[in-house]
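These notes concern the structure reproduced below.
The first residue in the sequence is number 1, and the count goes up from there. Remember, predicted model here, so these are calculated numbers, not experimental data.
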Amino acid sequence: MITPPFLRRIFLNKLTIDARIGILEHELRATQPIYVDAEFDTLVTARCNDQDIHSVLDYRQLRQTIIDCCTQEHVNLLETLIERTAQAILERFPSVQRVKLRISKPQAFTDCETVGIEIELQR
């Protein structure tokens, strides 16, 4: 068994969210799907207890925070959305030492799969 402290990486791949994002006329009228990929390096200071979810950072809470940030209001720019989301993660989860987010829009162009923004913040 590994002895704390150490870093543990949690990740989410291709979380799909209907978001109100964009500055174009059709984007202002309706939601559109976005994909979110995320990595969280968490500082582990105690061993996990297999019988207690509270002994670890619950990735359901990370996922819900991302969903909340991406759906609470219309945002014009992906850059704004990704910065707000990364900052919210660091503010709400003190054990997260690094957050890396990639948010992409699969319907932005017909000639590529997605277009998006990536950011990485550390404490």
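For Asp68, the side-chain hydrogen bond (donor to acceptor under 3.5 Å, both in side chains) partners are Gln64, not counting sequence neighbours. Considering only residues two or more places apart in sequence or on other chains, Arg9 meets the side-chain hydrogen bond (donor to acceptor under 3.5 Å, both in side chains) condition with Asp41. Considering only residues two or more places apart in sequence or on other chains, Glu118 meets the side-chain hydrogen bond (donor to acceptor under 3.5 Å, both in side chains) condition with Arg102. Evaluation of the side-chain contact (heavy atoms from CB on, under 4.5 Å) rule for Asp50 yields no partner, not counting sequence neighbours.
Summarising the geometry of Ala46 relative to Val44, their closest heavy-atom pair is O-CG1, 3.3 Å, with the distance given to 0.1 Å. In plain terms, the two heavy atoms of Thr3 and Arg47 that are nearest each other are OG1-NH2, 3.7 Å. Contact between Thr71 and Arg20 at its shortest, heavy atoms only, is O-NH2, 3.2 Å. Nearest heavy atom pair, residue Pro94 against residue Arg92, reads CD-O, 3.5 Å. Heavy atoms only, all atoms of each residue included: Ala19 and Cys70 are closest at CB-O, 3.4 Å.
No more than 12 heavy atoms of other residues, nucleotides or ligands sit less than 6.0 Å from atom NE2 of His54. No more than 12 heavy atoms of other residues, nucleotides or ligands sit less than 6.0 Å from atom CD1 of Ile2.
Inter-residue side-chain proximity for Ile89 and Ile66 is flagged as met; some heavy-atom pair is nearer than 4.5 Å. The closest side-chain heavy-atom distance from Leu78 to Thr80 is not below 4.5 Å. Phe93 has its side chain within reach of Gln61: a pair of non-hydrogen atoms, C-beta onward, lies under 4.5 Å apart. Contact check for Ile21 versus Gln32: side-chain heavy atoms found under the 4.5 Å cut-off. Contact annotation: the side chain of Val56 never approaches that of Asn49 to less than 4.5 Å [non-hydrogen atoms, C-beta and beyond]. Counting heavy atoms from C-beta on, the side chains of Lys14 and Asp37 come closer than 4.5 Å. Taking 4.5 Å as the limit, every side-chain heavy atom of Leu15 sits out of range of all side-chain heavy atoms of Tyr35. Looking at heavy atoms from C-beta onward, Arg98 lies in side-chain contact with Glu120 at the 4.5 angstrom threshold.
Separating the CD1 atom in Ile103 from the CD1 atom in Ile17 is a distance of 7.5 Å, to the nearest 0.5 Å. A distance of 8.0 Å separates OG1 in Thr42 from CZ in Phe6, rounded to the nearest 0.5 Å. Atom-to-atom distance recorded for Thr65:OG1 and Arg60:CZ is 12.5 Å, nearest 0.5 angstrom. The distance from atom CZ of Phe11 to atom OH of Tyr59, rounded to the nearest 0.5 Å, is 10.0 Å.
Remark: of the listed residues Leu121, Val75, Leu101, Val36, Leu101 is the sole one forming a side chain to side chain contact (heavy atoms under 4.5 Å, CB included) with Ile82.
Side-chain N or O atoms of Ser55 include none that pairs as donor or acceptor with a backbone N or O of Cys48 at under 3.5 Å. With hydrogens and angles ignored, the 3.5 Å screen pairs no side-chain donor or acceptor of His74 with any backbone N or O of Thr31.
Using a 4.0 Å cut-off between a side-chain N of Lys or Arg and a carboxylate O of Asp or Glu, Glu73 and Arg84 qualify as a salt bridge.
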Evaluation steps, side chain to side chain contact (heavy atoms under 4.5 Å, CB included), between Ile34 and Leu81 | CA-CA 11 Å; Ile34 59 172; Leu81 181 62; 4.1 Å; yes
Without placing hydrogens or testing angles, list every side-chain donor-acceptor pair under 3.5 Å for residues 104-113, not counting sequence neighbours.
unit_1: Lys105; atom_1: NZ; unit_2: Glu27; atom_2: OE2; d: 2.7

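Annotation for Leu7: hydrophobic cluster partners, listed by chain and number, are Leu43 (ILVMFWY side-chain heavy atoms under 4.5 Å, direct or chained).
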